[in-house]
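Written out below as structure tokens is the structure these notes cover.
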2 protein chains.
Amino acid sequence: MLSNRQLLILQVIIDEFIQTAQPIGSRAISKKDEITFSPATIRNEMADLEEMGYIEKTHSSSGRVPSEKGYRFYVDHLLLPFHLSKNDQQLISSVFEQDLVEFEQVVQKSVNVLSDLTNYTSIILGPQVYETTLKQLQIVHLSVTTAVAILVTNTGHVEHRSFTIPTEIKASDLEKLVNILNERLVGVPIVELHHRLQHELTLILNHYVDDIESAFHYLKSALFDQQPNQVYIGGITNMLLQPEFNDVSKVHALYSIMEKEELMANVLRSTHEGIHISIGHENKVNAMRDCSLITATYSLAGKQVGTIALLGPKRMEYSRVVSLLNLLSNQMSHTFHDW
Amino acid sequence: MLSNRQLLILQVIIDEFIQTAQPIGSRAISKKDEITFSPATIRNEMADLEEMGYIEKTHSSSGRVPSEKGYRFYVDHLLLPFHLSKNDQQLISSVFEQDLVEFEQVVQKSVNVLSDLTNYTSIILGPQVYETTLKQLQIVHLSVTTAVAILVTNTGHVEHRSFTIPTEIKASDLEKLVNILNERLVGVPIVELHHRLQHELTLILNHYVDDIESAFHYLKSALFDQQPNQVYIGGITNMLLQPEFNDVSKVHALYSIMEKEELMANVLRSTHEGIHISIGHENKVNAMRDCSLITATYSLAGKQVGTIALLGPKRMEYSRVVSLLNLLSNQMSHTFHDW
DNA sequence: TGTTAGCACTCTTCACTTTCGAGTGCTAAT
DNA sequence: ATTAGCACTCGAAAGTGAAGAGTGCTAACA
């Protein structure tokens with residue numbers, strides 16, 4: 001169990017290290033206003049804190065640096081609610097103050113605001129489409145041999161894919177097929193589309209000509225082959241501003257995984273509702289073992305669907321970041337409540 | 001004027017430096033098969049080459065390094081046609097070997113292949129839409145108050161924007177408007193759309209109810225506010241692999257400009273037809289003064305429309321890169337010829 | 001006359017010291 | 001229980017010296 005004095009000292013060390021990225025010595029701590037005892041006393045306490053694993057030395061005669069256990073304790077027990085500045089609040093709100101409320105625009109703007117505000121890298125995972133349903137399916141012919149298939153969801157999301165029409169398929173059959181599909185599939189959740197197409201509809205389609213079936217197969221592969229995970233990343237270059245990433249090789253490892261949408265989506269997807277913090281080795285991805293990842297979920301029409309995250313050094317401004325994420329995810333959920 | 005021997009030596013120096021990124025000394029040059037004279041002779045020639053500004057020393061007793069003037073001479077006069085490996089050719093071709101020929105997919109794949117093949121950063125600027133025309137305009141209602149407007153071009157490109165419908169506009173008016181617009185605007189080049197909407201159509205629309213006009217204004221802002229420059233970038237992390245970018249601050253400057261689509265679009269747009277090489281300070285953008293940028297244009301339906309580029313250190317494999325870009329841009333133009 | 005061997009000179013790199021200062025741990029005094 | 005004092009440790013920065021790569025110049029050579 002930690003004494004009050006130890007708590008205080010731990011707090012000062014972490015707060016200070018978050019700002020300076022430099023090891024903190026006993027003398028520096030004693031200079032703080034809230035500290036009333038001498039460096040020698042502090043040294044004793046620090047020796048205890050180190051023994052318990054909350055802080056570390058970088059070398060035998062250096063100042064102390066928070067350990068991952070220290071950060072963990074800090075975010076679990078020492079995190080003070082942070083009062084966001086008017087400016088912070090305004091910038092977050094500004095995301096939602098435009099007329100054209102399209103999901104992608106909002107997310108894109110959010111990502112930028114977040115990374116600008118924090119100087120960390122922000123990542124937003126688009127909505128998982130549990131509740132999203134098909135609104136309309138359409139084919140626009142471009143020429144005799146090419147067409148573009150367009151899929152609109154009830155959230156206003158648009159997927160499209162163009163394709164060449166095999167010669168064996170008649171344009172009229174394609175039209176007919178789209179009509180049938182629209183009749184049958186409007187309102188069906190997107191996640192079920194693939195399944196529904198696969199099983200139910202093949203039966204129905206057998207009542208019609210063979211040609212339709214091949215058209216159908218073609219369309220299916222055109223539209224539903226891969227349902228992309230929408231990962232939005234902003235402020236990647238911010239990583240380079242952090243002193244802990246002066247080493248190019250570290251940056252490279254980190255940037256490489258950020259290029260892998262699939263991986264990032266999995267990392268973000270696997271979090272529980274609310275705010276969650278992963279510090280250093282708590283992250284499953286190796287390249288992130290020097291980072292902290294703070295995730296917040298937002299909801300769309302009541303259901304948890306997406307994740308907002310900030311990736312930075314372990315030495316993050318946890319308090320402020322948590323407040324920012326809270327504010328943003330709430331406003332986001334609120335804005336998308338009606339959908 | 002350079003003697004044949006000087007040309008040979010310059011060629012060896014640049015070829016060697018491109019591979020090793022290390023200053024080349026007279027001894028190393030003399031070891032090359034194609035070199036038949038002694039280090040001392042080479043030193044004399046190198047002194048001349050340096051005097052003429054084609055090569056430089058990094059310090060008074062170092063080996064020589066190509067200067068920008070040297071690179072310029074190299075690409076202008078010493079560039080040998082490079083025979084691409086089977087593998088290179090196959091990878092480039094593989095981009096076009098899929099069924100679903102959508103422009104964005106092709107470009108995205110190209111960007112990836114190029115950066116993988118070269119270990120540089122590849123940038124592709126999407127087609128300037130001179131020839132692209134409107135194929136279809138559409139509105140899909142999501143709810144009473146929201147809708148998504150979808151614009152399809154004859155190239156299969158899809159733009160969409162969702163918006164909230166102001167209460168003073170009736171849904172039926174919106175429908176009517178879209179019908180009118182489709183009647184009048186299909187086949188009109190995209191670049192003219194804004195203009196056409198602005199001038200010609202307002203007249204026509206005055207024949208109809210006032211409500212349509214406000215709907216029209218709304219729709220216009222929803223769809224045509226900003227025509228985005230499509231800039232595709234791949235292999236940004238490759239920059240980190242180059243020894244000249246070990247310095248984090250350089251990388252940061254470079255990455256920052258790459259985040260600015262507008263800027264990148266301008267840089268790429270301002271090139272002439274065919275292949276063009278900008279070396280170091282020839283680049284207008286400051287952050288690129290340590291890089292070379294090689295651009296190639298591709299055409300869509302005969303007209304020059306887009307740019308493929310590779311960004312790397314000045315010490316690029318010019319010969320191979322030029323061949324790769326040539327091949328890709330040709331295949332691209334060929335593929336899109338029919339559109 | 002063009003080429004080359006030889007040599008003195010320059011400059012970087014690397015390993016090794018030295019110095020300096022920040023910070024610690026321990027002990028003894030308060 | 002707290003603190004002053006002090007010896008000790010270690011890293012960072014600056015300095016030193018030897019090794020090595022490379023040059024420019026000169027004189028000899030074909």
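Labels below follow one simple rule: chain letters A, B, ... track the order of the sequence lines, proteins then strands, and each chain is numbered from 1. Everything numeric here is computed off the predicted structure, so don't read it as measured data.
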In terms of side-chain heavy atoms of A:Phe37, which of C:dC11, D:dT3, D:dG24 is nearest? D:dT3
Short side-chain N/O contact to C:dT24 OP1/OP2 from A:Ser26, under 4.0 Å: yes
Check whether any side-chain nitrogen or oxygen of B:Ser61 sits under 4.0 Å from OP1 or OP2 of C:dT12, and answer yes or no. no
Nearest whole Å is fine: how far is C:dT24 P from A:Glu51 CD? 16 Å
Quick check: A:Tyr255 with B:Tyr255 (ring centres under 6.0 Å apart)? yes
With no hydrogens and no angle check, is any side-chain donor or acceptor of B:Asp88 less than 3.5 Å from a backbone partner on B:Leu84? no
Does D:dT23 have OP1 or OP2 sitting under 4.0 Å from an N or O in the side chain of B:Arg64? yes
Rounded to the Å, how far apart are B:Phe17 CZ and D:dG22 C1'? 16 Å
Using the side-chain heavy atoms of A:Lys57, tell me which of these nucleotides is nearest: D:dC25, C:dT10, C:dT24. C:dT24
Do the side-chain N and O atoms of B:Asp247 and B:Ser249 include a donor-acceptor pair separated by under 3.5 angstrom? yes
Under 4.0 Å from OP1 or OP2 of C:dT4: is there any side-chain N or O of B:Arg27 that close? no
Hey, are A:Ser292 and A:Tyr318 close enough side-chain-wise for a donor-acceptor pair under 3.5 Å? yes
Let me know the distance between CD1 of B:Ile42 and P of D:dA21, rounded to the nearest Å. 17 Å
Round to the nearest Å and state the distance from B:Ile29 atom CD1 to D:dA21 atom C1'. 14 Å
Return the 5'-most residue of the pair A:Asn44, B:Glu45 with respect to DNA chain C, ranking by each residue's nearest nucleotide. B:Glu45
A:Arg43 side chain: which of D:dC6, C:dC11, D:dT3 is closest? D:dC6
What is the separation between atom NE2 on B:His59 and atom P on C:dC9, rounded to the nearest whole Å? 19 Å
Quick one: B:Ile9 CD1 to D:dT23 C1', roughly how many Å, whole number? 15 Å
Nearest-neighbour nucleotide for the A:Ala40 side chain, C:dC11, D:dG24, D:dA4 considered: D:dA4
Please pick, from D:dG11, D:dT23, D:dA4, the nucleotide with the shortest atom-to-atom distance to any side-chain atom of B:Met46. D:dT23
Protein-nucleotide distance (A:Lys31, atom NZ; C:dG23, atom C1'), rounded to Å: 13 Å
In whole angstrom, what separates A:Ile55's CD1 from C:dG25's C1'? 14 Å
Examine the side chains of B:Arg315 and B:Gln19 and answer whether a donor and an acceptor come within less than 3.5 Å of each other. no
Could you tell me whether A:Thr41 contacts a base, only the sugar-phosphate backbone, or nothing, with contacts defined as non-hydrogen atoms closer than 4.0 Å? base
Where each residue is assigned the nucleotide of DNA chain C containing its nearest heavy atom, which of B:Ser60 and B:Thr36 is assigned the position nearer the 5′ end? B:Thr36
